[in-house]
Amino acid sequence: MKVENLAISYNGMTVFSDLNVELEKGKIMSLVGPSGCGKTTFLRCISGLTSPTSGTIQLNGCDITKTKPEERPVVLMFQQPLLFPHMTILQNVTYGLKYGKRKLKKKEREEKGLAILEKVDLGSHGERYPHQLSGGQQQRVALARALIVNPDLLLLDEPFSSLDPSLRSSIRLWVKDFLKNEGVTALFVTHDREEAMIIGDEIAVMKDGSFQQTGAPEEVYQNPKSSTVAEMFSEGVHFEESFLPANQLTIRPVSNLKVSDTETIRAVIQYKVYKYGHSFYHLHVPSLKQNVVVSSSQLFNDGDHVDLTYLRSSVQPFHNEQSTIYFTDKARQSR
Amino acid sequence: MNENRKRVLLQGLFLLLFAIMFVIPIFFMFAKSISFGWQWPNLSPSGIDIRAWEVAFRDPRIYQSLINTVVIGGAVVIFNFLIATPAAYSLSRYEFKGKTMIESLLILPILVPVLAVAMGLHIPMIRLGLTDNLSGVILIHLLPTLPYAIRVLKAGFDRLNNDWEEQGAVLGARRATVFWTVIIPLMAPSIRSAALLVFVISLSQYVLTAIIGGGRVSTLPMIYYPFFSSADEAVIASFTVMFALLPVLFLILFETVCRSYLKILKKP
Ligand SMILES: Nc1ncnc2c1ncn2[C@@H]1O[C@H](COP(=O)(O)OP(=O)(O)OP(=O)(O)O)[C@@H](O)[C@H]1O
Ligand SMILES: [Mg+2]
């Protein structure tokens with residue numbers, strides 16, 4: 001998939017003006033960005049439900065910018081499952097094979113439908129109706145219904161946001177494995193950084209109508225190219241022109257002691273959580289108006305004023321793609 | 001538990017209200033039509049007598065007017081759907097110039113006395129040969145029914161947002177296909193109410209039928225109303241029962257049609 005100079009505006013109000021992005025076949029890209037930045041609009045453009053003002057969309061080398069949504073080999077999965085309530089699960093799943101571009105015979109349809117229901121672990125639910133299924137099961141049926149037509153590109157618009165957290169974390173792993181096994185090319189929109197990293201081979205960060213950065217999850221996470229990306233996707237603190245990963249920060253009691261090569265910023269402990277066997281402190285840095293989470297084995301109390309110290313060399317200037325100094329021995333020893 | 005009890009209570013209340021308002025009057029009407037010498041203060045009639053029904057059915061006009069009523073009602077329902085469905089769909093889904101004007105125009109027939117409009121239309125309809133026959137009456141019945149049909153269907157389309165059409169489209173189905181396979185089944189409640197409303201409105205038209213039909217097209221109300229002056233309560237009661245039964249029969253028939261449509265959809 002390749003998108004060039006895509007632009008769209010509603011009644012003269014520009015949502016985005018010059019989007020460019022490329023996605024290789026078989027890869028999954030996670031799209032993150034603040035609310036209202038145009039993620040849904042972007043997916044709607046690609047699926048053909050909304051026409052862009054200008055720009056082109058290519059799929060497998062063909063220009064599909066002017067193709068009707070029903071003719072595009074693209075399926076969009078909405079936030080809600082939108083299962084047809086008057087049809088059984090099997091009829092829902094096989095809808096695209098009965099009324100879509102490639103119409104199959106009833107027997108063939110049902111065979112395929114049952115096979116894919118088996119794959120989403122709902123093989124015995126074919127004769128049920130949508131309202132008899134839980135939210136997670138409905139979302140899985142919607143996924144099966146989307147995949148059965150064999151789309152060249154699958155678009156997912158926050159498909160799990162209506163699910164409760166525990167269900168959500170189990171289904172996303174499952175979906176990732178499923179999409180990878182089937183070799184589906186997909187574009188996945190989410191608000192959740194963790195979800196984006198779990199599912200995406202690539203991350204695209206969108207803000208103010210343009211892609212701020214695209215790249216592998218660890219690349220974007222560790223090397224944000226701008227303060228926007230740092231704020232949205234990375235963990236740490238960011239200054240005007242540089243970024244400091246959270247793992248380079250050490251919490252110390254307030255002192256005026258100066259150690260060479262290190263810098264100090266003041267912070268306030270907000271609260272502490274235990275996770276993965278470690279304690280994590282949520283801190284607020286008043287001078288930067290930012291929050292950061294730092295792990296420490298030392299004991300501090302909520303509301304304590306502390307120092308965050310870091311090696312001057314661990315600060316990464318933005319727009320620097322070669323800064324790979326973290327996790328050097330020196331940085332580790334200094335903790 | 002508490003929720004459940006509340007619901008049962010509400011349902012009971014609703015059933016009671018329904019019984020008081022519809023079932024009991026009809027039942028008494030029916031009882032009255034087949035009873036003999038049932039006068040106040042007697043609690044039960046002194047005998048059963050089907051004289052009133054005989055009187056009603058002895059009138060040779062009744063068969064013709066029953067047929068007319070049903071044919072007109074059915075045709076009015078069909079034409080209403082043919083016109084109201086696309087109209088309501090466009091009003092609900094598309095933005096276009098003059099949309100608000102059309103919407104307010106749709107209330108006009110409810111506000112302005114239909115009689116006045118019919119008077120105005122009478123002369124042109126005579127010229128077009130649309131008086132004194134069934135087609136003219138069917139046409140004029142659209143006047144008091146279409147606004148309601150369009151409003152009911154529009155409310156139904158509004159309730160189903162555009163997501164369903166889009167979901168169908170991304171799965172590769174053409175717009176018309178999605179309309180017939182998803183939207184129409186989901187619209188069933190609205191379609192049912194619109195059909196019944198239109199049928200009942202058409203059923204109770206007297207003046208419009210009289211003016212445009214010129215007395216040549218006789219419907220049930222045309223022979224029912226004159227009976228009021230006869231003061232034969234049993235005969236009036238039998239007519240009333242017939243009147244009440246027609247919509248019920250219509251609803252049953254309509255339901256059957258709906259069911260078979262859904263069955264056909266499920267076939268390969
Ligand atoms: N039909 C429309 N008419 C006018 N403006 C619209 C329309 N749809 C979206 N917008 C505007 O486009 C912008 C982007 O909306 P979009 O739904 O794409 O955001 P999003 O990134 O998906 O947000 P969220 O994360 O909250 O879902 C918003 O500012 C919104 O107001
Ligand atoms: Mg959105």
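Everything numeric in this text was worked out from a predicted model, so none of it was measured. Order of the sequence lines fixes the chain letters, A, B, ..., with proteins taken first and strands second; residue numbering starts at 1 for each chain.
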*Asks:* Given that the side chain runs from C-beta out, which part of R102(A) has a heavy atom under 4.5 Å from chain B: side chain, backbone, both or neither?
*Replies:* neither
*Asks:* Between K105(A), K101(A), H86(A), which has the largest tally of heavy atom pairs under 4.5 Å with chain B?
*Replies:* H86(A)
*Asks:* Pick one of side chain, backbone, both or neither for Q91(A), based on which atoms fall under 4.5 Å of a heavy atom in chain B.
*Replies:* side chain
*Asks:* I'd like to check F84(A) versus Q167(B) (side-chain heavy atoms, cut-off strictly below 4.5 Å). Are they in contact?
*Replies:* yes
*Asks:* Is the number of heavy atoms from other residues, nucleotides or ligands within 6.0 Å of CZ (F79(B)) greater than 12?
*Replies:* no
*Asks:* Would one find more than 12 heavy atoms of other residues, nucleotides or ligands at under 6.0 Å from atom CZ of R174(B)?
*Replies:* no
*Asks:* Does K103(A) NZ have over 12 foreign heavy atoms under 6.0 Å away?
*Replies:* yes
*Asks:* How close do L265(B) and K98(A) get, counting heavy atoms only, and between which atoms?
*Replies:* O-NZ, 2.7 Å
*Asks:* Say you draw a straight line from CG of L76(A) to CG of L171(B); how long is it, rounded to the nearest 0.5 Å?
*Replies:* 9.5 Å
*Asks:* So which of E71(A), R44(A), Q80(A), M77(A) has the largest heavy-atom pair count under 4.5 angstrom toward chain B?
*Replies:* R44(A)
*Asks:* So which atom in T181(B) and which in M87(A) form the shortest heavy-atom distance, rounded to 0.1 Å?
*Replies:* O-CE, 3.8 Å
*Asks:* Go through the atoms of L147(A) and report whether side chain, backbone, both or neither lie under 4.5 Å from a heavy atom of chain B.
*Replies:* neither
*Asks:* One thing to verify: whether R175(B) and E70(A) come together as a salt bridge, which I'm taking to mean a side-chain N less than 4.0 angstrom from a carboxylate O.
*Replies:* no
*Asks:* Would you check, one step at a time, whether the test side chain to side chain contact (heavy atoms under 4.5 Å, CB included) holds for V170(B) with V74(A)?
*Replies:* CA-CA 7 Å; V170(B) 295; V74(A) 176; over 6 Å; no
*Asks:* Which value, rounded to the nearest 0.5 Å, describes the distance between T88(A) atom OG1 and K266(B) atom NZ?
*Replies:* 6.5 Å
*Asks:* More than 12 non-hydrogen atoms from neighbouring residues, nucleotides or ligands closer than 6.0 Å to CZ on R259(B), yes or no?
*Replies:* no
*Asks:* Within the supplied structure, the quantity of interest is the number of heavy atoms (other residues, nucleotides, ligands) at a distance under 6.0 Å from F96(B) CZ; does it exceed 12?
*Replies:* yes
*Asks:* Taking the side chain as everything from C-beta on, heavy atoms only, tell me whether V178(B) gets closer than 4.5 Å to Y95(A).
*Replies:* yes
*Asks:* In this structure, are over 12 heavy atoms from other groups packed under 6.0 Å from Y261(B) atom OH?
*Replies:* yes
*Asks:* So, taking the atom named CH2 in W180(B) and the one named OH in Y99(A), what distance separates them when rounded to the nearest 0.5 Å?
*Replies:* 12.5 Å
*Asks:* Please classify the contact of V149(A) with chain B as side chain, backbone, both or neither, using a heavy-atom distance under 4.5 Å.
*Replies:* side chain
*Asks:* Please report the shortest heavy-atom distance between L82(A) and W164(B), naming the atom on each side.
*Replies:* O-CZ3, 3.4 Å
